[in-house]
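These notes are about the structure you will find just below.
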Amino acid sequence: MANAATESTIDKIDQTIEESFVQKAVRWLFSAGGITICLTILVAVVATIHKGPYILVNTFITGGMWALMAIGLALLFSVMNIAGFAHGEYFMAGSLTAYFVMQPISNYTLEHPESFMAYVGPMIAILAGTFMCAFLGILTERLVFKQLRMRNREGWLLNCFLITLGISVIFQNTHQLAFGANFKGILAYWDFPSVPIFGVYMSIDRICAFFIAILTMIGFYIFMMFSTSGKTIRAVSQDEDGARMVGISVDTVHVLTFALSCGLAGLAGASLLFMFPSYPTVGVMPLYNSWFIIILVGFGNVAGSIPGGFMIALFQVLTRSYLGEGWEAVVPVLLISLILIFKPSGIFATKVRTVWDE
Amino acid sequence: MLLEIKSLDSGYGFLQVLWDVSFYVEEGEFVALIGPNGAGKSTTLKTISGLLEPQGGEILFEGNPIGGMEGHLVCRKGVAYISEELNLFVNMTVKENLEMGAFMIKDSAKQAENLEFVYELFPRLYEREAQFAGTLSGGERKMLAIGRGMMSGPSLLLVDEPSLGLAPMLTNEVFKALKALNARGTTILLVEQNVNKTLKNTSRAYILEKGKIVLDGKSADLADDEHVRKIYLGH
């Protein structure tokens with residue numbers, strides 16, 4: 001009797017789980033995430049028809065990079081419960097490194113315009129920025145967060161918030177002290193004529209930035225889903241004790257997470273050097289943008305950061321072209337306030353996981 | 001002797017839970033640790049598995065001290081811990097959970113062999129292979145947690161309250177699986193509230209009350225003991 005009862009409940013559960021694909025799609029469409037994404041696509045299409053394709057093109061180019069920054073932030077939050085306010089500084093460090101590596105390369109390519117370096121040189125600069133930041137991230141983890149974790153874990157979230165603010169101040173002032181506050185920028189990575197895309201003339205740099213972002217996201221996805229290291233990162237973010245119980249060294253995963261997260265910020269900074277010349281506080285705007293994304297999609301939602309990045313970018317592009325430059329900072333903050341009031345868990349409604357839950 | 005605990009003190013910060021606890025587990029045994037709520041059973045297992053640092057005493061595994069060692073290192077020595085909360089990776093599929101269980105086995109043939117063994121033990125898990133662990137029912141979660149523990153091919157399995165929140169029928173199933181594991185040579189240290197069933201299934205048992213071992217002996221003898229019958233079995 002009991003047996004039959006259990007079987008029938010299990011069957012019922014099976015039926016609810018195994019709803020058809022159409023049902024799932026419909027349910028998703030009417031969730032907050034589905035509505036927002038459909039609305040975004042609609043707005044994007046209308047604006048593109050109204051104002052021209054540059055809206056879409058600009059959205060995709062900056063959105064990809066903001067998404068990379070946000071992925072890093074989300075990783076830090078979901079794996080280590082760190083609210084990273086120093087993330088903009090890794091963006092700055094990435095662009096600074098790329099600048100210094102790019103200097104000799106561009107001097108060389110000026111003399112030898114037809115050389116191999118004209119194509120590969122910028123890649124070297126961008127990779128140098130990425131690895132430099134990954135290294136800085138590892139240093140930060142070892143020197144600061146590991147020490148804090150070993151000392152005590154009480155008030156972890158607030159302590160980390162204050163510490164990252166401190167790190168940000170240190171990075172900015174070190175930059176100013178050592179390299180000065182002037183703009184350190186380049187004219188272009190790839191010095192070739194622009195190409196028209198849907199009637200908009202795009203510099204090669206912008207196109208490359210877009211493809212770098214897309215390829216990095218694909219690579220990141222494959223890494224997280226299929227590699228052993230990626231799986232350990234996911235395991236630690238889902239259950240730290242569980243990860244320890246299967247023999248994963250949580251310490252190593254923390255280092256890896258920091259390296260990845262800061263490396264992504266550095267990659268964004270280095271790839272966007274042609275748009276944002278390096279100066280001490282260049283990271284502030286990207287930091288705000290990535291925080292907008294994180295709040296929009298829900299804290300610690302790594303996958304959601306990607307559509308979130310494009311949404312925020314679209315939002316900014318629209319604000320700029322319809323309301324003017326000055327409103328760019330105002331309108332997103334307004335949107336974020338509304339989201340925090342009405343949907344604090346973000347549009348994808350992930351469970352907000354913080355140390356307060358533990 | 002596989003596991004030997006010598007006058008172990010443990011607890012959470014200023015709150016000491018275990019006071020001078022000593023016991024041992026021989027290779028191949030199925031030993032139970034029973035006692036009322038708050039006696040320190042789970043604390044004992046957490047301390048052995050390295051999630052909690054002991055405040056005093058010694059833990060010897062295969063003759064080597066493992067007290068105070070980090071959790072992942074204890075696991076790599078061959079101790080698998082299945083906690084009360086199960087600590088599954090809820091946003092990973094059943095198969096991924098099991099694969100993570102074999103994380104430290106580098107040999108993929110050995111991994112596949114363990115996976116096959118777990119699927120054989122719990123055919124239900126094979127049916128749900130591609131499902132997220134968070135969507136499983138209570139009983140299936142228990143099976144998955146035990147299966148994940150077995151994936152590393154441990155020599156000692158620490159199991160915390162496998163019957164918690166399960167229907168009697170499913171409890172029987174879990175006990176059957178544990179017995180089968182024990183018969184295949186895995187040593188098991190079981191913490192349980194279900195005293196009746198535990199004493200029937202295990203070979204030896206310790207009774208932990210208020211952080212101290214008060215009684216120990218063969219399970220069959222303990223079931224006849226006056227104190228145990230009065231407090232735990234209710235007859």
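Atom set for the values below is all heavy atoms of this structure, side chains included, hydrogens, waters and symmetry mates excluded.
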Chain A contact via B/Leu73 - side chain, backbone, both or neither, heavy atoms under 4.5 Å: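 Neither part; nothing is under 4.5 Å.
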- request: Examine whether an atom of B/Glu85 lies under 4.5 Å from a heavy atom of chain A, and if so say whether it belongs to the side chain, the backbone or both; otherwise answer neither.
  value: neither
- request: Enumerate by number any residue of residues 100-109 of chain B whose heavy atoms lie under 4.5 Å from heavy atoms of chain A; in the absence of such residues, state 'none'.
  value: B/Met100, B/Gly101, B/Phe103, B/Met104
Counting neighbours of [atom1] on [X] that are heavy atoms of other residues, nucleotides or ligands and sit closer than 6.0 Å, is the number greater than 12?
X        : atom1 : answer
B/Glu53  : CD    : no
A/Tyr221 : OH    : no
B/Phe23  : CZ    : yes
B/Glu116 : CD    : no
B/Lys197 : NZ    : yes
B/Tyr126 : OH    : no
A/Gln147 : CD    : yes
A/Phe135 : CZ    : no

field: Contact winner vs chain B - A/Thr232, A/Thr228, A/Asp251, A/Val250, heavy-atom pairs under 4.5 Å
entry: A/Thr232
Separation of [Y] [atom2] from [X] [atom1] (nearest 0.5 Å):
X        : Y        : atom1 : atom2 : value
A/Gln238 : B/Asn97  : CD    : CG    : 8.0 Å
A/Met245 : B/Ser152 : CE    : OG    : 10.5 Å
A/Asp241 : B/Tyr81  : CG    : OH    : 8.0 Å
B/Glu70  : A/Arg244 : CD    : CZ    : 7.0 Å

- request: Of all the heavy-atom pairs spanning A/Gly247 and B/Cys75, show the shortest one and how long it is.
  value: N-SG, 3.4 Å
message: Please find the pair of heavy atoms, one from B/Asn91 and one from A/Arg234, that lie closest to each other, and give the distance.
response: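 Scanning both residues completely, I find the closest heavy atoms to be O-NH1, 4.4 Å.
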query: Have B/Asn87 and A/Asp239 got a donor and an acceptor in their side chains that come within less than 3.5 Å?
result: yes
